[in-house]
S.K.: 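Got a structure for you, written out below as structure tokens; questions coming shortly.
First the proteins, then the strands, lettered A, B, ... as listed; each starts at 1. No hydrogens, no waters, no symmetry mates; every other heavy atom, side chains included, goes into these values.
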There are 2 protein chains.
Amino acid sequence: MSDPTYSIGELCAEFDVTPRTLRFYEQRELLTPIRDGQRRIFTQRDRARLKLILRGKRFGFSLESIRQWLNLYDLGDGGVTQMTTWVENAKTQMGALRDQRDELEDAMAELQVLIDETEAELSRRAAKRAAE
Amino acid sequence: MSDPTYSIGELCAEFDVTPRTLRFYEQRELLTPIRDGQRRIFTQRDRARLKLILRGKRFGFSLESIRQWLNLYDLGDGGVTQMTTWVENAKTQMGALRDQRDELEDAMAELQVLIDETEAELSRRAAKRAAE
DNA sequence: TATTACGTTGACGTAAACGTCAAGATCACT
DNA sequence: AGTGATCTTGACGTTTACGTCAACGTAATA
């Protein structure tokens, strides 16, 4: 049996997006479904790419940068020169992800301090009220 | 000496944003500069809020959700009920940040695997070439 | 055969987050 | 009094990422 394929509706249901969205991604060359007559047939590759697209979006990346990023994924083969370039780009991307994660953890730490302080104040007030 | 204040140009230079941006944030009630005649005077509070705004943006939050988030920050005082509500909201936000961080780390791990594989392939090819 | 479900291509609309003039005020110099 | 720097308030323009019709095709089903 060959690789499973998906209609536009199936992929939409699975990832909770609208057909408009998938057609838009195709127009922007993020997805490249094949055709059965007029109808789009999405392959495993499209499905995998869609996953990456949606994750990229959650990280706040633009579709255009996600597109470049996907192309970067694709060039896993190619010559030594291409692979070397790929690794460089990938490491740059890793740095960006690391920075974002660090910033996130800073924000989490700050927020935790505020939560702790507020909860401490709350228990002080509770103790005071109990003492009366 | 009292708290330092900033002109719109000063804050723009410091945070690398345009005046239009700060006026826009004021209109959306994310900043509340006071006035010297017509001119805006930004206080320490505005500066602190701007920092949070820009960080929120880097995390992909909308200005509207950042606004609510800032107001949430402000209500560090207020009654016990308000504080309790605040803590609940803050914990929800913490969960969201945690999820995002976890997703980021998953992505980083995946990417690292690809990098490692590609580098391994590169060194295999280098060894092969050296053997000839 | 008619309906229903699912799909197609335009084409125009929209919300967010600013950018980009235009026209004028205010202030420091010269 | 003139020049330049910095600021002001409109008001319209722009990009991104889709939403929302409209009008149509095709395929299974009642």
S.K.: Given atom CZ of F24(B) and atom P of dG19(C), what is their separation to the nearest angstrom?
M.R.: 10 Å
S.K.: dG10(D) C1' sits how many Å from E26(B) CD, rounded?
M.R.: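 In whole Å, dG10(D) C1' lies 14 Å from E26(B) CD.
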S.K.: Restricting both atoms to N or O, compile the protein contacts to nucleotides 20-24 of chain D shorter than 3.5 Å, with distance only.
M.R.:
residue, atom, partner, partner atom, Å
dT20(D), O4, R20(A), NE, 3.3

S.K.: Would you say CD of E110(B) has more than 12 non-hydrogen atoms from neighbouring residues, nucleotides or ligands within 6.0 angstrom?
M.R.: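 Enclosed.
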S.K.: Can you tell me if the side-chain N/O atoms of T21(B) get under 4.0 Å from OP1 or OP2 in dA17(C)?
M.R.: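 For dA17(C), OP1/OP2 do not have a side-chain N/O of T21(B) under 4.0 Å.
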S.K.: Between dT8(C), dC7(D), dC18(C), which one does the side chain of L63(B) approach most closely?
M.R.: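 Side chain of L63(B) sits closest to dC18(C).
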S.K.: Can you name the side-chain contact (heavy atoms from CB on, under 4.5 Å) partners of L63(A), sequence neighbours left out?
M.R.: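 side-chain contact (heavy atoms from CB on, under 4.5 Å) check on L63(A) returns F24(A), Y25(A), L30(A), I53(A), K57(A), I66(A).
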S.K.: For T21(A) and T18(A), which I'm curious about, is there any donor-acceptor pair between the side chains at under 3.5 Å?
M.R.: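 T21(A) vs T18(A): donor-acceptor pair found between side chains.
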S.K.: Taking the side chain of S7(B) as its heavy atoms from C-beta onward, which of dT9(C), dA17(D), dC7(D) lies nearest to it?
M.R.: dC7(D)
S.K.: To the nearest Å, how far apart are L22(B) CG and dG19(C) P?
M.R.: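 In whole Å, dG19(C) P lies 10 Å from L22(B) CG.
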S.K.: With a 4.0 Å cutoff (strictly under), does any side-chain N or O of Y25(B) reach OP1 or OP2 of dC18(C)?
M.R.: yes
S.K.: Can you check the R28(A) CZ to dC18(D) P distance for me, whole Å?
M.R.: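 In whole Å, dC18(D) P and R28(A) CZ are 9 Å from each other.
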S.K.: With a 4.5 Å cut-off on side-chain heavy-atom distances among I, L, V, M, F, W and Y, is there a chain of contacts connecting I41(B) to Y6(B)?
M.R.: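 No, I41(B) and Y6(B) fall in different hydrophobic clusters.
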S.K.: Rounded to whole Å, how long is the line connecting atom CG of L11(A) with atom P of dC6(C)?
M.R.: 15 Å
S.K.: Determine whether the side chains of D46(B) and T43(B) contain a donor N or O and an acceptor N or O closer than 3.5 Å.
M.R.: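 The criterion, which ignores hydrogens and geometry beyond distance, is satisfied for T43(B) and D46(B).
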S.K.: CD of E10(A) versus P of dC6(C): gap in Å, rounded?
M.R.: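 In whole Å, dC6(C) P lies 11 Å from E10(A) CD.
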S.K.: Is Q100(A) reaching over with its side chain to a backbone N or O of F59(A), donor-acceptor style, under 3.5 angstrom?
M.R.: yes
S.K.: Do T32(B) and R45(B) have side-chain N/O donor and acceptor atoms under 3.5 Å apart?
M.R.: yes
S.K.: Report the distance from atom CG of L31(A) to atom C1' of dC18(D), rounded to the nearest whole Å.
M.R.: 14 Å
S.K.: Can you list, in residue-number order, the parts of residues 34-53 of chain A that come under 4.0 Å of DNA chain C, counting heavy atoms only?
M.R.: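 Nucleic-acid contacts, sorted: R35(A), Q38(A), R39(A), R40(A).
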S.K.: Report yes or no: do Q112(A) and D116(A) form a side-chain donor-acceptor pair below 3.5 Å?
M.R.: yes
S.K.: When the distance from CD1 of I8(A) to C1' of dT8(C) is rounded to whole Å, what number comes out?
M.R.: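 It works out to 9 Å between those atoms.
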S.K.: Going by an N to O cut-off under 4.0 Å, is there a salt bridge joining K91(B) and E88(B)?
M.R.: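 Looking at K91(B) and E88(B), the cut-off is not met.
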S.K.: What nucleotide, of dA17(C), dT9(C), dA17(D), holds the atom closest to the side chain of K57(B)?
M.R.: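 Of dA17(C), dT9(C), dA17(D), dA17(C) is nearest to the side chain of K57(B).
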